[in-house]
Every structure is written in C-alpha cells, then in structure tokens.
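Notes for the one structure printed next.
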Amino acid sequence: MARPASWHHGTVRLRTLIPATAALSAAAVGYAAVIERNWFVLRRHEVPALPPGSAPLRVLHISDTHLTPGRKRLMSWVRALDELDPHLVINTGDSISHPRAVQPFLDSLGPLLDRPGAFVLGSNDMYAPEPHNPARYLMGPSSRWRIRKEPDLPWEKLCDDLTAAGWLDLNNQRGRLTVGGLDVVLAGVHDAHIKHDRYEKVAGQADPAADLRVGVMHSPEPRLLDQFAADGYDLLFAGHTHGGQLCLPFYGALVTNCGIERERVRGLHRHPADGPAWMNVSGGLGTSPWAPVRFSCRPEASLLTLVPRDSR
Ligand SMILES: [Fe+2]
C-alpha cells in the first residue's frame, strides 16, 4: 500500500532536520567552548568621577579569571594588559579554580603586580568547582556553596601573595592608596554569594576629603551597592555575573546569578539609577571548568579612564 505523500515528505523533512539540528548544536557548542571563550575583549569607558582639575586616572578592572594552569591564552592576554599603563588595578575575585592555580595567576598578572592594586575574593577562590549540569547556571542563583564548610582551594596563599606584592586585601576591610597623585580611599567586602560579606566592618562615611572613594565587591548585590553609595563611595566594582555567560543575541543575559537585574548584568551604570555613584560590573574573563563555554558574551576586562566631574 502506497504511503500518503504528506507522511513521506514529513519523514524526509525529519530525516534532514535532525542531523542538521545536531550539527548546528555541535557547531554552537564548539564555537562557545573554543572560539568565544578565548575571544577576549577590552571594554573602555570614560567616567566623570574625579575632582575638578585632576589629571585622568586609568583603572583596570579584571574579574572571574577562574584560572586553571592550562589556560595559556587567557594568561598571556591578562599579562599584556600591563601595556594599558593603568594607575590602579582592581580584581573582583574568582581568580582561581584549581589547587595549583595561584602561581599561574600571579604569572598572568606579571608586571601588573608592580602597580597599585586591590582585590576581594569570590567563592571560587575558596571552593573548587564541582561537576554539575551547566544548565543549572540558568536556573537561578546557586545555593550549593552554603552546605560546604571547609575551603579546598589555597585562598590564603592567594591573599598572602597578592598582599606581598603590595595589593590591598579588601575582604571586609578598608584601605588607602596614593595613585596618579590622587588620594584614594577604598573599602571592600568578601563574597556575599556565600554570605561572607560583613559590611558593618567597613561601614561609615567614606572620607569626603579624599579625591576618590572606591567600593569593591565580588557579587553585585543591590543591598551592598546601596550601602556603598549611601556611605559616599563614588565608584563601585563588582564581578561574579560572567555577564550571563550564555546569552541570547538581541536579548542578553538569561540570568545574573545574584540580586542585580538583567539590564545591569555587566557594564558601567549609575547606582542608584539617578544617584551619584558609578558601578562597573565585569562580565569576567573565565568560566567554570565544568561549564567551559561562553556564548554571545565575550570574556572581558575593563579600562575606566576617570576624568573630572566637570568635564562632561
Ligand atoms: Fe565567577
């Protein structure tokens, strides 16, 4: 008995469609894992945050390198950022993802370590990533950290080595630096994603006599951003979101993995929207080793050139 023509055409269409879809998916995963994951980009902004008459100040912001020892391209790209001649380097955490990544991370920074710098930690600096379905990233803020007690990554060595190089440890601490001839006060908190933030330890009005007040955190939680802004910090730095890591073209991030809204998952924004503070959320340079893909969300560092407030 002859099969109906529509059945036959439907089968042919399906036979073509399934391999075509599979090939397209494989190509997308290959692109996300091999090409875009190593397609680093520098995002530049001019930010009117300095007192009138100040010379421009270049601040390099890196975040979420999630370094494992084999990531040579990432390491050499970070190292070359020294050519930007930044006055100050801010690292908002999740620097390592491997027990032997501290030295490779220091090697990546290389000459940047000779410049003034400041850092906070992220949860991934303390806890090795666990294998899990990458789709879990898309299912809202992760909570698995809360049940883990003992850190299994060398976060203390990371802090000690960065501090020994002269960088300020801003984990629930304040600091002060003279950079580019400007008096800069800084305060930071440890990672709110694992409830290690203790804002009360740095709370209080930032010195109004300083030339610039900088707040640093890993995860851009609105309550922390509000507190820093209320205490008079001019410029806030955060990472953690990976810019969404897997984004849809023309739509953007599906999730932020924290309290910040999708529209501010990465980039330079005001905080609050009509307020005086600026906030730079880094989309980060790496990925979890268990979800080594980035799509429509290139890994990035940012260079903020701070200029006087009256120059715009
Ligand atoms: Fe991260």
Side-chain angles (χ1 to χ4, degrees), residues 32-33 36-38 40-41 43 61-68 71 74-75 77-78 90-99 101-102 104-105 108-109 119-146 148 151-155 158-159 162 170-171 188-197 216-221 224 237-247 253-260 262 264-267 279-295 297-302:
E36 184 163 324
R37 186 174 178 234
N38 289 298
F40 308 108
V41 64
R43 178 162 55 78
H61 180 191
I62 59 170
S63 195
D64 295 85
T65 46
H66 288 262
L67 197 65
T68 50
R71 296 217 59 199
L74 171 55
M75 291 167 66
W77 195 83
V78 170
I90 302 287
N91 174 18
T92 44
D94 275 7
S95 303
I96 57 172
S97 276
H98 189 280
V102 173
F105 182 65
S108 311
L109 294 175
F119 68 96
V120 291
L121 295 177
S123 56
N124 285 276
D125 293 313
M126 304 181 74
Y127 299 99
E130 288 180 330
H132 65 87
N133 181 351
R136 270 179 58 172
Y137 185 82
L138 303 177
M139 290 150 70
S142 47
S143 56
R144 64 190 184 282
W145 305 106
R146 287 176 202 140
R148 295 168 67 184
D152 49 4
L153 288 182
W155 64 273
L158 176 65
C159 289
L162 291 175
L170 293 177
N171 289 293
V189 287
H190 203 305
D191 190 2
H193 196 58
I194 47 172
K195 301 187 188 312
H196 281 25
D197 56 310
V216 182
M217 70 212 83
H218 179 63
S219 182
E221 298 298 342
L224 292 173
F237 290 93
H240 176 71
T241 63
H242 297 191
Q245 193 167 316
L246 300 170
C247 296
L254 298 167
V255 293
T256 68
N257 205 21
C258 63
I260 199 82
R262 281 183 51 247
R264 294 195 295 169
V265 69
R266 81 152 89 188
M279 169 185 78
N280 190 55
V281 179
S282 172
L285 283 155
T287 61
S288 160
W290 298 106
V293 284
R294 292 187 71 120
F295 193 79
C297 185
R298 286 173 66 185
E300 67 168 15
S302 6

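First listed ligand is number 1; within each ligand, the first listed atom is number 1.
- Of all the heavy atoms in Val120 and Leu170, the pair that sits closest is CG1-O, 3.6 Å.
- Using modelled atom types and a 3.5 Å distance limit, the side chains of His196 and Asp191 yield no donor-acceptor pair.
- Interatomic distance, OG1 of Thr92 versus CG of Leu121, reported as 11.0 Å (0.5 Å rounding).
- His193 and His240 have tilted rings, their planes meeting at an angle from 30° to 60° on a 0 to 90° scale.
- Among the backbone and side-chain atoms of His240, no N/O/S atom is found under 2.8 Å from the Fe ion (ligand 1).
- If you put the vertex on the Fe ion (ligand 1), OD2 of Asp64 and OD2 of Asp94 sit 100° apart, to the nearest 10°.
- Checking His218 against the Fe ion (ligand 1), every N/O/S atom stays at or beyond the 2.8 Å cut-off.
- Nearest N/O/S atom of His66 with respect to the Fe ion (ligand 1) is recorded as NE2.
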